[in-house]
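Computed from heavy atoms alone, side chains included, the values below leave out hydrogens, waters and symmetry copies.
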Amino acid sequence: MLVLGLTLLVGAGAEGQSESDRLNEFFEESFQRILDVSPMYQSSLGIKKDYDKWDDLSESAVTREFSMNVEGLARLRSEFDYGKLDDQAKISYRLFEEQAEQYIERFPWRKYRYLATQMRGLHASVPSFLINTHRVSTLKDAQDYVRRLERIEGLFDQLIVNINEQADLGIIAPKFVFEAVIEACANIIRGEPFSQTGSDSTLLADLREKIAVLSPETIPEAEGERLIAEARMALLEHVEPAYGKLIETLTDLEERATDEDGAWKFPEGDIYYRKALQWTSRYAR
């Protein structure tokens, strides 16, 4: 997502520089292509174009992203004369080039990063995203929140496919990871409407609070009640099954997991470890 920063860098010093202007347009185009395929990135920037959708985690989507990077790097090198750029445009050129090179280099190893751990993963980032990123200031925003709840199951189905593909390659998180991840998943589906506890679950409470602070002119009381009812249904029919299937998948993998926690246990793990050190050393420069 560095492309946005690159665009701003070029724009700051490109006035009157035709080659830099062209490069700036290229960065704008590249950034827009990234933005168009990532509803979650759009939301993080306050853009509500695809506010009811999640990112596509399928292999075909990942392959398209790879092709975009390959094409972008090729265009950068073939269509622009580095010597004719101003100083800030040259910095942007080099940053874009390095980012694309690193993405392409890491792509064959993309399945080596665990997708659900006690530190990161969609099981935790999806609720966090809805709570912290999905702002509700209009009726449509609230409706889109409910639509996203309904689509969590499809998102998690893709996640489970990816986790199982990793496992088939022998890439399974160490055993100590699973208890914490499974508990974190279970926490999301506790409370109303999943159980009659008298307290709302995390996501139901979030949407209820976001609707409650809006004026009756924005969301009339009856409409708010209808949205909460839809959210309860989405949580029961889509969110609970999504987390249930993920918990089942993780429970099965826990049985296959070992206590080994180093990259050496992966196929070609020694090569991957050396590459990871190289990537880390670049950031440390």
Side-chain angles (χ1 to χ4, degrees), residues 1-45 47 49-50 53-113 115 155 158-159 161-162 165-166 169 171 263 266-285:
M1 299 309 178
L2 187 59
V3 178
L4 177 60
L6 296 176
T7 299
L8 295 176
L9 268 174
V10 175
E15 187 173 345
Q17 302 289 326
S18 62
E19 194 70 0
S20 295
D21 283 341
R22 289 201 316 113
L23 185 63
N24 187 40
E25 291 176 359
F26 167 74
F27 287 148
E28 290 282 3
E29 177 189 339
S30 299
F31 171 65
Q32 191 59 52
R33 291 180 68 188
I34 292 172
L35 198 61
D36 286 344
V37 298
S38 178
M40 296 174 72
Y41 188 33
Q42 292 171 24
S43 297
S44 71
L45 298 176
I47 299 170
K49 175 185 173 185
D50 297 311
K53 297 180 177 65
W54 299 104
D55 287 2
D56 186 350
L57 306 182
S58 67
E59 185 66 17
S60 60
V62 174
T63 301
R64 285 195 301 271
E65 184 178 350
F66 174 76
S67 297
M68 286 167 56
N69 277 270
V70 172
E71 179 189 344
L73 181 60
R75 286 188 58 194
L76 179 78
R77 289 171 170 168
S78 65
E79 296 181 14
F80 302 98
D81 186 338
Y82 182 83
K84 293 181 179 179
L85 299 173
D86 63 36
D87 289 343
Q88 288 188 321
K90 286 179 178 177
I91 294 173
S92 296
Y93 182 107
R94 291 196 299 270
L95 287 173
F96 186 100
E97 183 178 46
E98 183 175 0
Q99 180 193 33
E101 286 175 341
Q102 289 187 13
Y103 182 94
I104 293 166
E105 182 182 355
R106 293 182 184 207
F107 187 77
W109 306 94
R110 64 193 181 282
K111 295 185 183 295
Y112 278 60
R113 181 178 180 180
L115 297 177
L155 178 71
Q158 290 184 327
L159 171 63
V161 167
N162 293 338
E165 286 180 352
Q166 281 188 318
L169 294 173
I171 300 168
F266 298 151
E268 298 186 299
D270 55 337
I271 300 174
Y272 172 70
Y273 182 74
R274 288 196 297 272
K275 287 186 173 294
L277 286 178
Q278 293 171 2
W279 298 330
T280 303
S281 66
R282 290 175 189 169
Y283 286 119
R285 285 193 307 224

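You'll find the ring centres of Tyr112 and Phe266 inside the 6.0 Å limit.
For Asp81, the CG atom is densely surrounded, since the number of other residues' heavy atoms within 6.0 Å is greater than 12. When the shell of 6.0 Å around OH of Tyr273 is examined, it contains 12 or fewer heavy atoms from other residues, nucleotides or ligands.
Of all heavy-atom pairs between Leu169 and Pro267, the closest is O-CG, 3.2 Å. Nearest heavy-atom pair, Ser20 versus Asp86, reported as atom, atom and distance to 0.1 Å: OG-N, 3.2 Å. Closest of all the heavy-atom pairs between Ile34 and Met68 is N-CE, 3.9 Å. Between Ile104 and Pro108 the shortest heavy-atom distance is O-CD, 3.5 Å. Taking all atoms of both residues into account, the shortest heavy-atom contact from Gln166 to Arg113 is NE2-O, 2.7 Å. Taking every heavy atom of both residues into account, Asp50 and Asp36 meet most closely at OD2-O, 4.2 Å.
The CG atom of Leu85 sits 8.5 Å away from atom CZ of Phe80, with the distance rounded to the nearest 0.5 Å. Remark: Lys53 NZ to Ser43 OG distance equals 10.5 Å, nearest 0.5 Å. Interatomic distance, CD of Gln42 versus CE of Met40, reported as 11.5 Å (0.5 Å rounding). Taking OH of Tyr103 as the reference point, atom CZ of Arg110 lies at 8.0 Å (rounded to 0.5 Å). A distance of 9.5 Å separates CD in Gln158 from CG in Asp55, rounded to the nearest 0.5 Å. Taken to the nearest 0.5 Å, the CD atom of Glu19 stands 10.0 Å off from the CD atom of Glu79.
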* To do: Step by step, work out the side-chain contact (heavy atoms from CB on, under 4.5 Å) result for Leu155 and Leu57.
  => CA-CA 7 Å; Leu155 178 71; Leu57 306 182; 3.7 Å; yes
* Evaluate the criterion side-chain contact (heavy atoms from CB on, under 4.5 Å) for residue pair Lys84 and Arg22; output intermediate values, then yes/no. => CA-CA 11 Å; Lys84 293 181 179 179; Arg22 289 201 316 113; over 6 Å; no
* Worked verdict on Arg77 versus Glu101 for salt bridge (charged side-chain N to carboxylate O under 4.0 Å, His left out) -> CA-CA 12 Å; Arg77 289 171 170 168; Glu101 286 175 341; 2.3 Å; yes
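Salt bridge status for Lys111 with Glu59: present, with a side-chain N to carboxylate O gap under 4.0 Å. With respect to Glu97 and Arg94, no salt bridge is recorded, no charged nitrogen being found less than 4.0 Å from a carboxylate O.
By the 4.5 Å heavy-atom criterion applied to side chains, Ile271 and Lys275 are counted as neighbours. Put simply, the side chain of Lys49 does not reach to within 4.5 Å of the side chain of Leu35, judged on heavy atoms. Side-chain atoms of Glu165 and Val161, non-hydrogen and from C-beta on, do get closer than 4.5 Å to each other. By the 4.5 Å heavy-atom criterion applied to side chains, Val62 and Asn162 are not counted as neighbours.
Using a 3.5 Å distance cut-off with no hydrogens or angles, the side chains of Glu28 and Gln32 do not pair a donor with an acceptor. A side-chain donor from one of Trp279 and Glu105 sits under 3.5 Å from a side-chain acceptor of the other.
The aromatic rings of Phe27 and Phe96 are tilted relative to each other, their planes meeting at an angle between 30° and 60°. Classification of the Phe31-Tyr41 ring pair by plane angle, with boundaries at 30° and 60°, yields perpendicular.
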